[in-house]
Amino acid sequence: MDKDEFDRLSPEERKAHLERVERIIMAPGHWPDVNSLQLGLLLRAGGDLPVPPDEIMLSMQNWFGINPQELAEISKPMIEKEWLSVDAEGSFQTTPLGREVLDMHKSPLTKAVMWSIRSGLTNMEEKNEDGDP
C-alpha cells in the first residue's frame, strides 16, 4: 500500500492496517525478516492469478536449485505469516501483506543487484586493461 492509499483510509482502517502490518515488522529497522528464497517465492507467486505448484517448483528449482521438501519448508512460515496463500489445488499466490513485504525489499534488492553487476563489470574492465582475456 502506498502513502496515497494509506492517506485515503479512515482512522479505523489506518489503525487496523498498522496493527496487521506491525506483526511483520521487526524493530529497530522496520524490515521484515526475509531471505532471498522467500523473496523469490513472493515474486513468483505475485501475479493476479494463483500459480500452480508445478510452475512454482520449476521456477524455484531453476532460480535456487531447491527441491520440493525445501519449498515446503520455505513456504510454511510464509503461509503462517499470511504472506502467501495456497488454494485447494495447491496453487500459490502472494497475499496483499506479502506484496507489502516484497515492495519493502524491491528498492534495496534492485540496488544490490545493480551494485553487483557494476562490480562485475568493473572487474571485467580491470582484467581487460591488464591484458587478461
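As a basis for the values below, the full set of heavy atoms in this structure was taken, side chains included, without hydrogen atoms, waters or symmetry mates. Owing to the predicted nature of the structure, the values given are computational and were not obtained by experimental measurement.
By the side chain to side chain donor-acceptor pair (under 3.5 Å) test, Glu73 pairs with Gln69, sequence neighbours left out. Shown here are the side chain to side chain donor-acceptor pair (under 3.5 Å) partners of Ser85, two or more places apart in sequence or in another chain: there are none. Listed by chain and residue number, Asn62 satisfy the side-chain contact (heavy atoms from CB on, under 4.5 Å) test with Leu58 (two or more places apart in sequence, or in another chain). In this structure Pro68 satisfies the side-chain contact (heavy atoms from CB on, under 4.5 Å) test together with Met57, sequence neighbours excluded. In this structure, the side-chain contact (heavy atoms from CB on, under 4.5 Å) partners of Asn35, at least two apart in sequence or on a different chain, are Leu37, Gln38.
Under the salt bridge (charged side-chain N to carboxylate O under 4.0 Å, His left out) criterion, the residue pairs touching residues 55-72 are Arg44-Glu55, with sequence neighbours excluded.
Atoms CD and CG, on Gln61 and Asn67 in that order, are 8.0 Å from each other to the nearest 0.5 Å. For the atom pair Ser36 OG and Leu43 CG, the distance stands at 12.0 Å (nearest 0.5 Å). Of the inter-residue distances, the one linking Thr95 atom OG1 with Glu82 atom CD reads 7.5 Å to the nearest 0.5 angstrom.
Taking both residues in full, the closest heavy atoms of Gln93 and Asp48 are given as NE2-O, 2.9 Å, listed atom of the first, atom of the second, then distance. Contact between Leu42 and Gly98 at its shortest, heavy atoms only, is CD1-O, 3.9 Å. In terms of heavy-atom proximity, Phe92 sits nearest to Ser75 at CE2-CB, 3.8 Å. Shown here for Leu84 and Leu41, the closest heavy-atom pair between the two residues is CD2-CD2, 3.6 Å. In terms of heavy-atom proximity, Pro50 sits nearest to Ser91 at CB-CB, 3.6 Å.
Residues Val86 and Ile79 meet the side-chain proximity criterion, which asks for heavy atoms closer than 4.5 Å.
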